[in-house]
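Below you'll find the structure, written out as structure tokens, and then a few comments.
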Amino acid sequence: MWIAITGGICDGKSTLLAALSELGHATVSADEVVSDMYSDPVFLDRVRVSLGQEFVEGGQIKRAMVADHAFRDAQFRRRLNALTHPEVTRRMLGTLESFGARIAFAEVPLLVEASLQGLFDRVWVVDAGPAERLRRLTAKLGGDESAAKARLSTQLPTEAKKAFADRIVRTNSGLESVKILAANLAGAIS
């Protein structure tokens, strides 16, 4: 059984996935797959051709520059997504298949946006709530609340993703609570 974990930015997807991994479950993160891709020479060449040489330096993609452009420019974001989504999906599915585990979890932030929910047996939508999401992202961006609001406005709201959920996982509590929740949820899978 493959379970997708999705939600919005700073909703706690990675925290939940890490807790499940600590419990010994097979896990894969789309963000980690992207990190691996971003140092792959073949993918770097695709980025140079599709997005421009200025986004690559020293054998690495300039992640901050790419993210900044993606959040400010919808056309750039579409080109980036068209370039990355198929490869991320291919690599992530390969990893899930390689586990051979009875249950495996995949963190897929853009699951709904990329219409990938049909590839999974279940979908868990992680939700910290709007105020907590904004607080976390503002802190992550060095206290810049206007930048946090701008980034949140470019993404499909978590509320819209809930329509695809088999389970909604609230993560607006502390780390220890999320770890307990992860153990309870994983233990309840039939």
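Here the shortest heavy-atom pairing between V125 and A165 reads CG2-CB, 3.5 Å. What you find for A128 and D11 is that their closest heavy atoms are N-OD1, 2.9 Å. The minimum heavy-atom distance linking R136 with G12 is given by the pair NH1-N, 3.7 Å. A pairwise comparison of heavy atoms in S153 and A150 identifies OG-O, 2.7 Å as the closest pair. Closest approach of A148 and L137 over heavy atoms only: O-CD2, 3.5 Å. Closest non-hydrogen pair, L156 versus A160, comes out as CD1-CB, 3.7 Å.
Taking the six-membered ring where tryptophan is involved, the planes of F105 and H25 are perpendicular, since the angle between them exceeds 60° and thus also 30°. The aromatic rings of F76 and F55 sit tilted, their planes meeting at an angle between 30° and 60°.
Proximity of L20 to L16: side-chain heavy atoms (C-beta onward) are separated by under 4.5 Å at one or more points. Proximity of L96 to F120: side-chain heavy atoms (C-beta onward) are separated by under 4.5 Å at one or more points. Under the 4.5 Å side-chain criterion, counting only non-hydrogen atoms from C-beta, M65 is in contact with E54. Side-chain contact between Y38 and V47: absent, with no pair of heavy atoms (C-beta onward) separated by less than 4.5 Å. Two residues are said to be in side-chain contact when any heavy atoms from C-beta on lie closer than 4.5 Å; R133 and D127 meet this criterion. Two residues are said to be in side-chain contact when any heavy atoms from C-beta on lie closer than 4.5 Å; I180 and N184 meet this criterion. K13 has its side chain out of reach of S29: every pair of non-hydrogen atoms, C-beta onward, lies at least 4.5 Å apart.
Put simply, I9 and V178 are part of two different groups of oily side chains (I, L, V, M, F, W, Y) that touch within less than 4.5 Å, one to the next. The hydrophobic clustering, which links ILVMFWY residues whose side-chain heavy atoms are closer than 4.5 Å, places V112 and W124 apart. V66 and F71 sit in two unconnected hydrophobic clusters of ILVMFWY residues. Membership requires side-chain heavy atoms under 4.5 Å apart, directly or through other members. Residues I5 and V88 fall into different hydrophobic clusters, defined by Ile, Leu, Val, Met, Phe, Trp and Tyr side chains chained together at heavy-atom separations under 4.5 Å. In this structure, V56 is a member of the same hydrophobic cluster as L51, with clusters built from ILVMFWY side-chain heavy atoms closer than 4.5 Å.
Q117 contributes atom CD, which lies 5.5 Å from atom OG of S115 (distance to the nearest 0.5 angstrom). Taken from CG in L83 to CE in M37, the straight-line distance is 6.5 Å, to the nearest 0.5 Å. For the atom pair CG of L141 and NZ of K149, the computed distance is 13.0 Å after rounding to the nearest 0.5 Å. Separation of atoms CD (E22) and OG1 (T27) is listed at 10.0 Å; rounding is to 0.5 Å. With values rounded to the nearest 0.5 angstrom, M1 atom CE is found 3.5 Å from R122 atom CZ. A distance of 9.5 Å separates CG of L17 from CG of D31, quoted to the nearest 0.5 Å.
Looking only at distances, a side-chain donor or acceptor of T6 sits under 3.5 Å from a matching main-chain atom of P109. Side chain of K161 to backbone of G7: a donor-acceptor contact under 3.5 angstrom is found. Formation of a donor-acceptor pair under 3.5 Å by the D121 side chain with backbone atoms of W2 is found in this model. Not a single donor-acceptor pair under 3.5 Å links the side chain of S39 to the backbone N or O of Q60. Judged by distance alone, the side chain of R91 and the main-chain N or O of V33 form no donor-acceptor pair under 3.5 Å. Remark: side-chain polar atoms of T158 are paired, donor with acceptor, to backbone N or O of G8 under 3.5 angstrom. A distance-only check finds no donor-acceptor pair linking the side chain of S21 to the backbone of A18 [under 3.5 Å].
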Stepwise side-chain contact (heavy atoms from CB on, under 4.5 Å) test for L111 and F164: CA-CA 10 Å; L111 179 85; F164 300 92; 5.9 Å; no
Step-by-step side-chain contact (heavy atoms from CB on, under 4.5 Å) determination, L119 to T89: CA-CA 10 Å; L119 299 175; T89 301; 4.0 Å; yes
E107/S14 under side-chain contact (heavy atoms from CB on, under 4.5 Å): CA gap, chis, key distance, verdict: CA-CA 7 Å; E107 176 190 11; S14 298; 2.8 Å; yes
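Residues meeting the side chain to side chain donor-acceptor pair (under 3.5 Å) test with R151, sequence neighbours left out: none.
Counting non-hydrogen atoms of other residues, nucleotides and ligands closer than 6.0 Å to CD of Q75 gives a total of 12 or fewer. Few gaps surround NZ on K162; more than 12 heavy atoms of other groups in view lie less than 6.0 Å from it. Environment of CD in E57: sparse, with no more than 12 heavy atoms of neighbouring residues, nucleotides or ligands closer than 6.0 Å.
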